[in-house]
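Worksheet: the structure to be examined is printed underneath.
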There are 2 protein chains.
Amino acid sequence: MHLTKWLNQVGNTEISIENAEQKILTAARNVFIRKGFAGARMQEIADEAGINKALLHYYFRSKEKLFEVIFKESFGKLLPELADIFQQPGSVFEKIERFTEAYISIVMEHPFIPVFVLSEIHRNPDEFFDTYIRPELAGNIQIIAQQFAVAAQQGIIRPIDPRQLIMNVMSLCVFPFVARPMLQRMLHVNDAAFMQLLQERKTAVSQFIIQAIKP
Amino acid sequence: MHLTKWLNQVGNTEISIENAEQKILTAARNVFIRKGFAGARMQEIADEAGINKALLHYYFRSKEKLFEVIFKESFGKLLPELADIFQQPGSVFEKIERFTEAYISIVMEHPFIPVFVLSEIHRNPDEFFDTYIRPELAGNIQIIAQQFAVAAQQGIIRPIDPRQLIMNVMSLCVFPFVARPMLQRMLHVNDAAFMQLLQERKTAVSQFIIQAIKP
DNA sequence: GTCTATAGTTAGATAGAC
DNA sequence: GTCTATCTAACTATAGAC
């Protein structure tokens with residue numbers, strides 16, 4: 001853990017005395033979420049952090065580097081943890097339960113990840129995929145598809161194209177985070193109520209999927 | 001139908017003689033999809049259209065106007081058609097079938113819509129929602145939620161929070177289109193194979209949902 | 001480390017010839 | 001309608017004082 005971050009912690013509770021570096025990171029996260037990478041302005045990040053624009057470059061050299069730091073610090077934890085789940089022993093039902101709960105839990109703490117991933121994958125599909133996704137994923141998707149296919153063949157789950165099932169699991173986990181601003185307005189729920197809905201999704205999604213695929 | 005478009009058609013097959021306006025629209029769609037609104041460059045659109053940058057402004061005055069034209073021409077058709085489905089008579093199962101098939105069919109023809117909607121809803125949530133979504137949606141979401149709630153109460157479907165069910169239906173329909181560049185790489189499928197998967201989703205999604213919610 | 005001032009670049013938009 | 005050339009504004013990034 002970084003020294004300044006450690007100094008700013010009392011027990012497990014971070015207190016609000018943030019140095020410039022932390023203020024920049026927090027502000028940048030918010031602006032990148034609101035505007036995307038191309039739409040974000042260094043000036044706006046500086047304003048929101050309450051510091052000068054030149055300091056951004058002093059700490060992070062460039063907009064691109066700043067983005068990378070923010071992205072890697074949180075995305076770096078997500079994929080390895082998720083990939084691991086399908087390597088562990090257990091039934092497909094247990095794995096789906098663990099995966100959906102883990103995904104929603106982690107992303108609730110870093111809700112900007114899915115938006116970043118989707119905007120980056122459109123900006124530069126091949127480089128992004130090869131840099132961030134493929135190394136962590138390796139042959140995992142094939143393994144998962146294989147596990148689904150075998151389960152279907154053995155009658156443990158209903159017949160279903162494994163690729164459709166993979167898309168369904170991902171859709172149900174990811175979509176609420178990327179569509180949140182629209183969903184909240186459509187469903188008339190405030191921030192607290194939406195967090196509550198996400199909380200309930202940790203189990204609701206896996207129940208939904210399991211009902212759908214069990215014979 | 002616009003005169004130039006009519007002239008460019010033979011029967012139902014559009015031929016490739018496009019005037020500048022059409023070339024610009026086609027190019028702009030592609031660039032806006034790849035780069036988003038903020039990341040798109042008028043120069044890049046001009047290059048891809050094979051015409052000069054000044055001509056963009058001659059036809060569409062500004063980048064913002066150009067985007068609006070492209071967006072409205074296709075998005076304008078989508079929501080009314082979908083909203084109508086839950087007004088028509090039929091069981092919840094029939095409505096879900098009609099909705100998912102209609103959504104996937106229409107969006108397969110205009111695959112950029114979901115990406116546009118998501119980027120716009122993040123850029124300017126309130127204005128976008130009030131301009132494009134709310135007028136078409138009105139109280140429809142409440143009505144749908146009500147229909148789901150009643151069906152659950154009557155035991156026609158399993159007990160489920162109607163808002164979760166709405167999110168699930170939307171997730172399964174929309175996500176594959178916004179995550180397409182990543183999904184194709186993860187699943188190792190080319191464009192043709194992915195279109196085939198989407199084609200199969202027209203029925204696969206509603207089957208999946210109905211299995212999940214039927215008692 | 002933090003600021004002001006400014007350099008250097010690029011993008012959207014327009015003027016004007018043809 | 002279409003082009004070349006240019007204006008103007010905005011942005012990233014750096015230089016240099018404190």
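Naming: A, B, ... by sequence-line order, numbering from 1 per chain. In this text the structure is predicted, and so the values were computed from the model without any measurement.
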Send over the distance from [X] [atom1] to [N] [atom2], rounded to a whole Å.
X: B/Y59; N: C/dG12; atom1: OH; atom2: P; value: 20 Å
X: B/L56; N: C/dG12; atom1: CG; atom2: P; value: 9 Å
X: A/N19; N: C/dG1; atom1: CG; atom2: C1'; value: 11 Å
X: B/F37; N: C/dA11; atom1: CZ; atom2: P; value: 14 Å
X: B/K65; N: C/dA13; atom1: NZ; atom2: P; value: 11 Å

Going by the rule side chain to side chain contact (heavy atoms under 4.5 Å, CB included), which residues pair with [X] if we only count those two or more places apart in sequence or in a different chain?
X: A/M195; answer: A/M108, A/R180, A/L198
X: B/F93; answer: B/S91, B/I156, B/I157, B/I210, B/I213, B/K214
X: B/K65; answer: B/R61, B/S62
X: B/E200; answer: A/D161, A/Q164, B/Q196, B/L197

Margin query: What's the angle between the local helix axes at either end of the helix from C/dG1-D/dC18 to C/dC18-D/dG1, using five pairs per end and rounding to 10 degrees?
Written below: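 Comparing the axis at each end, I get an angle of 10°.
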Among residues at least two apart in sequence or on other chains, which ones pass ring-ring contact (aromatic ring centres under 6.0 Å, His included) with [X]?
X: A/Y132; value: A/F71, A/F128
X: B/F112; value: B/F116
X: A/F86; value: A/F99

Item checked: Nucleic acid footprint by protein, nucleotides 4-18 of chain D - heavy-atom cut-off 4.0 Å, B for base, S for sugar-phosphate alone -> B------SBBBB---
Next item on the list: Please say which of A/H110, A/E48, A/E73 ends up in a side chain to side chain donor-acceptor pair (under 3.5 Å) with A/R29.
Entry: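 The option that passes is A/E73.
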